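Below is one structure; the comments refer to it alone.
All values derive from a computational prediction rather than experimental measurement.
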Amino acid sequence: MRFSPAGDPGTPDARSATRYLVWLAGRQPVIFGAGLALGVIWMLAQALVPAVLGRAVEAGLAQRDPDALVRWGLVLLGLGLVQAVAGILRHRCAVHNWLGAAYRTVQVTVDATNRLGAALPRRVAAGEVVSIGTADIEHIGGAIDITARGAGSVVAIVTVAVILLSASQPLGLVVVLGVPLLMALVALLIRPLHRQQAAYRDSTGGLTARAADIVSGLRVLRGVGGEPVLSERYRQRSQALRADGLRVARVESLLQAAQILLPGVFVVLVTWLGARFALRGEISAGELVSFYGYTAFLVSPLRNLTEAADKLTRGHVAARRVVRLLRLAPEFTDPATPVPVPAGPGELADVRSGLVLRPGRLTALAAATPQDATEIADRLGRYADGDVTLHGVPLRDVALATVRERILVADNDAQLFSGVLRTELDPHDRAEPGAVAAALDAASATDIVEALPGGLDGEVAERGREFSGGQRQRLRLARALVADPETLILVEPTSAVDAHTEARIAERLGPARHGRTTLVCTTSPLVLGHADHVVFVEDGKVVAEGRHEELLAAEPRYAATVSREEDR
């Protein structure tokens with residue numbers, strides 16, 4: 001089941017964040033319900049201890065009845081055992097609830113990023129997603145965790161109030177009226193804390209995104225001398241984040257102080273009143289002992305309630321970030337009634353540009369403007385909307401899963417992930433024996449594997465940072481060849497390799513994709529010369545087609561575009 005909050009997909013309101021927290025609790029109803037029940041039993045057992053202790057003093061000591069003293073002593077022992085067992089089990093449930101809420105948030109976040117797909121970088125900053133997976137899951141887990149202790153504290157305070165009212169109406173009224181007053185005072189700090197935490201969370205996400213951008217483009221920044229400028233900007237944002245953190249800490253320190261001061265004042269008040277009533281003979285010695293016990297006990301549930309207010313506030317702020325991500329809709333969704341596509345290779349046509357890919361051929365697309373080639377590749381792969389047909393069926397009427405299975409677009413924005421190289425090249429472990437080796441040979445990447453400790457079983461670092469740009473490009477090409485889709489669209493697959501390596505790739509790519517439909521977007525003469533068919537695009541339209549040699553001789557604009565590539 002996927003969480004899908006109702007309402008407009010714009011900025012989430014407080015209600016949607018609350019609904020998300022409720023949804024998390026409902027995903028593990030047995031453990032969550034058990035945690036609440038055990039929390040109530042745990043606190044209730046503690047709340048009854050002063051009453052039993054008072055009865056033991058009254059019946060056993062004041063009236064000198066040994067049997068009554070033993071009887072109430074056994075009751076006290078039983079309450080202690082119940083408290084210990086319930087406390088242990090409650091803690092186990094609380095940890096389970098914490099982990100369940102935190103890691104289910106990771107799951108729905110990953111699911112949301114997968115649904116957004118290629119649109120993710122354009123819709124959400126990388127730092128926002130990272131912050132959800134680090135800081136926000138802790139706060140969301142804490143909000144679910146505190147519910148057990150919070151519920152138990154409420155029941156315990158109500159129980160104490162009833163007992164005190166039955167013994168002394170003034171003391172009972174002090175508890176009944178005093179607890180809401182204390183919570184109202186704490187609430188005065190919650191709203192500014194909520195606001196400051198939201199600002200701090202936004203600053204954290206922005207700074208994380210900026211750091212990721214700087215690290216990914218560090219080589220370019222050093223090359224153009226922009227490192228000092230970006231470093232200074234990062235320092236300024238870091239100091240702004242520090243200031244936001246100090247504002248949050250200031251409010252939190254007041255809340256922490258209130259957690260000690262307010263319950264302490266309340267305890268002193270109840271103790272003073274109880275002592276005065278005992279001196280006037282309005283309550284017995286046993287009841288006075290009970291009142292002292294209750295005043296000491298009430299510190300715990302009152303602190304639990306203020307802690308619950310703090311954690312629920314933090315969880316609410318974090319949940320709003322998660323809901324904001326979950327509310328983002330993907331750019332493309334499945335049609336209401338998907339149309340089936342005939343099996344086997346078929347013509348893939350882009351109506352806007354006039355490009356038609358014949359099945360089983362290696363086609364090269366040379367564009368006067370690189371952006372035109374990228375836009376056509378995006379339309380053919382259904383990453384941008386357009387009138388594109390496969391087997392004469394419009395792609396917008398085909399299920400997205402079918403499009404992704406039959407058409408693969410491989411560009412230079414793809415990343416290498418950390419892990420075993422073999423798994424990186426064949427993540428689904430579906431390639432035929434020898435397919436990985438053949439793909440590496442076609443991509444001229446066997447030397448990369450041979451140089452890597454462990455070969456195909458060697459470990460790849462994050463984003464393949466141990467490889468050069470050209471090596472990463474060749475490994476990405478090998479990964480695309482291992483996938484062996486019905487239609488493969490390659491965008492500038494050799495732009496970062498030297499001429500000798502490019503010549504080998506150009507020579508081997510056609511045989512490696514024999515019988516499959518392949519489109520290579522490039523202006524490299526080495527690749528164009530080995531293509532079965534070359535299409536030249538200008539201003540987004542196909543203006544010439546044919547063999548590379550024919551276009552060089554007959555189309556000056558094509559020759560000029562290719563010559564610029566040769567001059568480089």
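Side-chain contact check for Leu475 versus Leu416: some heavy-atom pair is nearer than 4.5 Å. Considering only heavy atoms from C-beta on, Leu48 comes within 4.5 Å of Ile163 through its side chain. In this structure, Leu89 and Trp42 have side chains that are not in contact, with every pair of non-hydrogen atoms separated by 4.5 Å or more. Counting heavy atoms from C-beta on, the side chains of Ile137 and Val106 come closer than 4.5 Å. Side-chain atoms of Arg320 and Tyr20, non-hydrogen and from C-beta on, never get closer than 4.5 Å to each other. Side chains of Leu421 and Glu459 form no contact here, defined as non-hydrogen atoms less than 4.5 Å apart. Residues Val409 and Tyr383 meet the side-chain proximity criterion, which asks for heavy atoms closer than 4.5 Å. In this structure, His139 and Lys311 have side chains that are not in contact, with every pair of non-hydrogen atoms separated by 4.5 Å or more.
A side-chain donor-acceptor contact under 3.5 Å links Glu466 to the backbone of Ala461. A donor-acceptor pair is defined here as one N or O able to donate and one able to accept, closer than 3.5 Å; such a pair exists between the side chain of Thr159 and the backbone of Val155. Not a single donor-acceptor pair under 3.5 Å links the side chain of Asp426 to the backbone N or O of Arg422.
Taking OG1 of Thr109 as the start and CZ of Arg321 as the end, the distance is 13.5 Å to the nearest 0.5 Å. In this structure, CG on Leu456 lies 10.0 Å from OG1 on Thr423, to the nearest 0.5 angstrom. Atom CZ in Arg406 sits 10.0 Å away from atom CG in Leu395 (nearest 0.5 Å). Within the model, atoms CD1 of Ile140 and CG of Asp136 stand 6.0 Å from one another, a figure rounded to the nearest 0.5 Å. For the atom pair Arg115 CZ and Thr333 OG1, the distance stands at 11.0 Å (nearest 0.5 Å). Interatomic distance, Glu424 CD to Arg479 CZ, rounded to the nearest 0.5 Å: 5.0 Å.
Here the shortest heavy-atom pairing between Ala101 and Gly141 reads CB-CA, 4.2 Å. Here the closest non-hydrogen pair linking Val482 and Ala435 is CG2-O, 4.2 Å. Ala86 and Ile41 make their closest contact through CB-CG2, 4.0 Å (heavy atoms, listed as atom of the first residue, atom of the second, distance). For Arg90 against Gly35, the heavy-atom pair with the smallest separation is CG-O, 4.1 Å. When all heavy atoms of Asp411 and Arg476 are compared, the closest pair comes out as O-NE, 4.1 Å. The two atoms that bring Leu79 and Ala45 nearest to each other are O-CB, 3.9 Å, heavy atoms only.
Atom CD of Gln415 has more than 12 heavy atoms from other residues, nucleotides or ligands within 6.0 Å.
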Legend entry - side chain to side chain contact (heavy atoms under 4.5 Å, CB included) evaluation trace for Glu486 with Leu408: CA-CA 8 Å; Glu486 180 182 294; Leu408 173 63; over 6 Å; no
Legend entry - Working for side chain to side chain contact (heavy atoms under 4.5 Å, CB included), residues Arg19 and Val323: CA-CA 10 Å; Arg19 289 181 64 241; Val323 169; over 6 Å; no
Legend entry - Derivation and outcome, side chain to side chain contact (heavy atoms under 4.5 Å, CB included), residues Leu36 and Val40: CA-CA 6 Å; Leu36 289 177; Val40 170; 5.6 Å; no
Legend entry - Worked check of side chain to side chain contact (heavy atoms under 4.5 Å, CB included) between Val49 and Leu76: CA-CA 6 Å; Val49 167; Leu76 192 62; 3.6 Å; yes
Hey, can you pull the donor-acceptor pairs under 3.5 Å for the side chains in residues 145-153, sequence neighbours left out?
unit_1, atom_1, unit_2, atom_2, d
Thr147, OG1, Ile144, O, 2.6
Arg149, NH1, Glu307, OE1, 3.1
Arg149, NH2, Glu307, OE2, 3.2
Ser153, OG, Arg149, O, 2.7
Ser153, OG, Asn304, ND2, 3.2

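Partners of Asp484 by salt bridge (charged side-chain N to carboxylate O under 4.0 Å, His left out), not counting sequence neighbours, listed by chain and number: Arg513, Arg516. Considering only residues two or more places apart in sequence or on other chains, Phe332 meets the side-chain contact (heavy atoms from CB on, under 4.5 Å) condition with Arg382, Asp385, Leu400.
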